[in-house]
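One structure below.
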Amino acid sequence: MTRKITLLAFLFSAVLSFAQIGPVGHLTIFSEDGDKFTLILNGEVINDTPQTNLRVEDLNQPYYNAKIKFEDQTLTEVSKNNLMLTDADGNFADVTYKIKRDKNNKTKMKMNYFSSIPVQPNFVPASNVHVIHYGQPRPIQVQPVGGVTQTTTTTTTQVGGTNVGVGVNVGGINMGISINDSMGGDVVQTQTTTTTTHSGTTQGHYEEPVRGCGGHSCMTPGNFNAALATIKKQSFEDTRLKTAKQVISANCLNVDQIIQIANTFSFEDNKLEFAKFAYDYCIEPRNYFKLNGIFSFSSNVDELSDYVQSRQ
């Protein structure tokens with residue numbers, strides 16, 4: 001029995017190690033006056049339902065372009081470019097910003113830095129804070145409906161032996177581990193199905209991450225490398241841009257592939273034009289903010305973010 005528990009502890013540790021992700025920061029924004037708002041980061045709408053106190057966890061970029069839209073449309077939108085999620089040493093932090101109304105103009109809104117603390121793995125937000133884990137599916141509430149729910153329960157009974165099991169859910173990874181030692185005994189499994197009739201209950205489901213380009217897969221590495229070589233061979237930048245558009249108009253790409261092609265252009269105007277054109281052919285539009293890094297001028301970052309937002 002001790003050997004089996006030790007093995008389970010080892011497997012659990014392995015799952016934890018596998019589930020570790022890179023450094024991330026967290027962002028909390030709250031409204032001092034209780035005005036409900038929607039947060040948009042790098043052109044992506046974060047919360048579908050307006051909130052007064054919002055926390056976004058697991059952000060993996062040091063800077064974001066943020067826009068705040070209010071449920072009360074008489075209030076002015078707030079934009080903040082290069083909102084920083086790191087400290088002076090470049091370490092990711094847990095940053096809080098505060099929204100408040102201008103003293104002289106009650107419809108003019110401001111968002112100011114409020115506080116910052118080191119990231120704490122076991123941090124538990126207050127109950128009144130709406131928490132979203134960035135990059136994970138968001139639950140969607142469905143109107144109450146009536147119907148029938150069936151629940152199947154599997155019961156494992158071991159006679160004369162040892163049964164040890166554990167379920168692990170870390171970072172979105174689910175793993176169930178069961179060790180049966182039937183030496184000297186038998187294992188019996190029974191299934192019980194319970195049917196419950198209900199009315200006026202609330203159901204919910206998780207929305208799958210949005211996939212662009214019709215849900216198709218991106219170009220294979222071999223085909224992409226051949227296409228990239230063809231684009232690079234073009235002597236004139238205008239011809240290179242036309243060739244790049246021709247390639248992706250017949251294929252789907254991931255964000256990293258789009259970045260590689262965009263970096264073949266010397267002029268930022270061409271990079272921006274290509275980035276806009278490529279958006280419809282990207283299989284992971286959720287990660288399109290990564291293209292912000294190809295630009296030297298913040299005006300181009302803003303223009304691409306506005307374009308992406310307009311396409312959503």
Side-chain angles (χ1 to χ4, degrees), residues 22-31 35-48 50-51 53-71 73 75-88 90-100 108-116 119 130 132-136 138 209-210 212 255-256 258-259 262-263 268-280 282 284-312:
V24 293
H26 310 308
L27 172 65
T28 299
I29 300 176
F30 70 94
S31 171
D35 296 302
K36 292 186 176 182
F37 61 88
T38 298
L39 172 63
I40 301 170
L41 291 180
N42 291 347
E44 179 183 351
V45 177
I46 300 300
N47 55 307
D48 298 319
Q51 303 293 331
N53 199 330
L54 176 67
R55 178 178 174 84
V56 187
E57 297 186 341
D58 304 329
L59 293 164
N60 59 6
Q61 299 295 313
Y63 298 93
Y64 286 85
N65 285 347
K67 180 179 289 187
I68 300 290
K69 290 187 175 181
F70 296 94
E71 185 178 52
Q73 297 183 2
L75 303 178
T76 58
E77 295 181 2
V78 177
S79 296
K80 189 173 186 63
N81 294 331
N82 299 322
L83 185 148
M84 188 167 65
L85 291 182
T86 58
D87 59 21
N91 300 313
F92 276 98
D94 195 328
V95 183
T96 301
Y97 281 80
K98 177 176 68 175
I99 298 173
K100 65 178 182 178
K108 183 178 180 181
M109 309 300 289
K110 296 180 178 181
M111 183 171 72
N112 298 324
Y113 171 85
F114 185 73
S115 66
S116 177
V119 174
H130 184 78
I132 288 179
H133 296 276
Y134 187 77
Q136 295 185 7
R138 297 195 297 273
V210 177
V255 167
D256 290 336
I258 293 174
I259 290 174
N263 283 331
E268 291 223 345
D269 288 347
N270 290 332
K271 288 184 178 182
L272 179 60
E273 182 178 345
F274 174 76
K276 290 181 178 180
F277 183 85
Y279 179 75
D280 288 337
C282 180
E284 45 178 347
R286 191 181 193 90
N287 294 326
Y288 219 68
F289 65 86
K290 293 182 179 179
L291 270 80
N292 292 349
I294 70 176
F295 300 111
S296 300
F297 301 106
S298 60
S299 59
N300 289 326
V301 174
D302 293 341
E303 187 169 343
L304 180 61
S305 297
D306 291 341
Y307 176 81
V308 171
Q309 182 182 340
S310 69
R311 299 303 305 272
Q312 295 177 342

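Along the sequence shown, residues carry numbers from 1.
Here the straight-line distance linking atom OG of S31 with atom CD of E71 works out to 11.5 Å at 0.5 Å rounding. Summarising the geometry, atom NZ belonging to K69 is positioned 11.5 Å from atom CG belonging to L39; distances are rounded to the nearest 0.5 Å. Rounding to the nearest 0.5 Å places OG1 of T96 at 7.5 Å from CG of L27. Atoms CG and OG, from D94 and S115 in turn, are 8.0 Å apart once rounded to the nearest 0.5 Å. Rounded to the nearest 0.5 Å, atoms CZ (F92) and CD (Q61) are 7.0 Å apart. In this structure, the separation between CG on N82 and OG on S298 is 6.5 Å, given to the nearest 0.5 Å.
By the 4.5 Å heavy-atom criterion applied to side chains, V24 and L59 are not counted as neighbours. Side-chain contact between N292 and S305 is present, with heavy atoms from C-beta onward closer than 4.5 Å. Looking only at side-chain heavy atoms (C-beta outward), H26 and D58 come within less than 4.5 Å of each other. No side-chain heavy atom of K271 sits less than 4.5 Å from a side-chain heavy atom of N300. Looking at heavy atoms from C-beta onward, E284 lies out of side-chain contact with D256 at the 4.5 angstrom threshold.
Between the side chains of H133 and E57, at least one donor-acceptor pair of N or O atoms lies under 3.5 Å. Counting only N and O atoms by type, the side chains of E44 and Y134 include a donor and acceptor under 3.5 Å apart.
Residue T76 comes nearest to F70 through the heavy atom pair O-CE1, 3.1 Å, listed as atom of the first residue, atom of the second, then distance. Looking at every heavy atom in both residues, P50 comes nearest to N47 through CA-ND2, 3.8 Å. Contact detail for I46 and L41: the closest heavy-atom pair is CG1-CG, 3.9 Å. The two residues V78 and M111 make their nearest non-hydrogen contact at CG1-CB, 3.7 Å. Closest approach of V308 to G43, counting heavy atoms only: CG1-O, 4.3 Å.
Under the rule for a salt bridge (charged side-chain N to carboxylate O under 4.0 Å, His left out), E77 has no partner lying at least two apart in sequence or in another chain. Annotation: salt bridge (charged side-chain N to carboxylate O under 4.0 Å, His left out) contacts of K100 (sequence neighbours excluded): none.
Under the side chain to side chain contact (heavy atoms under 4.5 Å, CB included) rule, V301 has a single partner from F289, F295, Y63, which is F295. For the ring-ring contact (aromatic ring centres under 6.0 Å, His included) criterion with F30, the lone passing option out of Y97, F37, F114 is F114.
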(request) Output, in order, the C-alpha distance, side-chain angles, deciding distance and verdict of side chain to side chain contact (heavy atoms under 4.5 Å, CB included) for T86 and N91. (result) CA-CA 5 Å; T86 58; N91 300 313; 5.9 Å; no
(message) Under the criterion side chain to side chain contact (heavy atoms under 4.5 Å, CB included), I'd like the reasoning laid out for K98 against N112: C-alpha separation, chi angles, the key distance, then a yes or no.
(response) CA-CA 5 Å; K98 177 176 68 175; N112 298 324; 5.6 Å; no
(request) Starting from the C-alpha separation in whole Å, work towards a yes-or-no answer on side chain to side chain contact (heavy atoms under 4.5 Å, CB included) for L75 and D35. (result) CA-CA 9 Å; L75 303 178; D35 296 302; 3.8 Å; yes
(message) side chain to side chain contact (heavy atoms under 4.5 Å, CB included), that's the test. Do I68 and M109 meet it? Break it down for me.
(response) CA-CA 9 Å; I68 300 290; M109 309 300 289; over 6 Å; no
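For K276, the NZ atom counts as densely surrounded, since its 6.0 Å shell holds more than 12 non-hydrogen atoms of other residues, nucleotides or ligands.
Not a single donor-acceptor pair under 3.5 Å links the side chain of N65 to the backbone N or O of N81. Using a distance-only test at 3.5 Å, with no hydrogens or angles considered, no donor-acceptor pair links the side chain of Y113 to the main chain of V95. Formation of a donor-acceptor pair under 3.5 Å by the T28 side chain with backbone atoms of R55 is not found in this model.
Between Y279 and Y307, the ring planes are perpendicular. Angles over 60° get that label, and only those under 30° would be called parallel.
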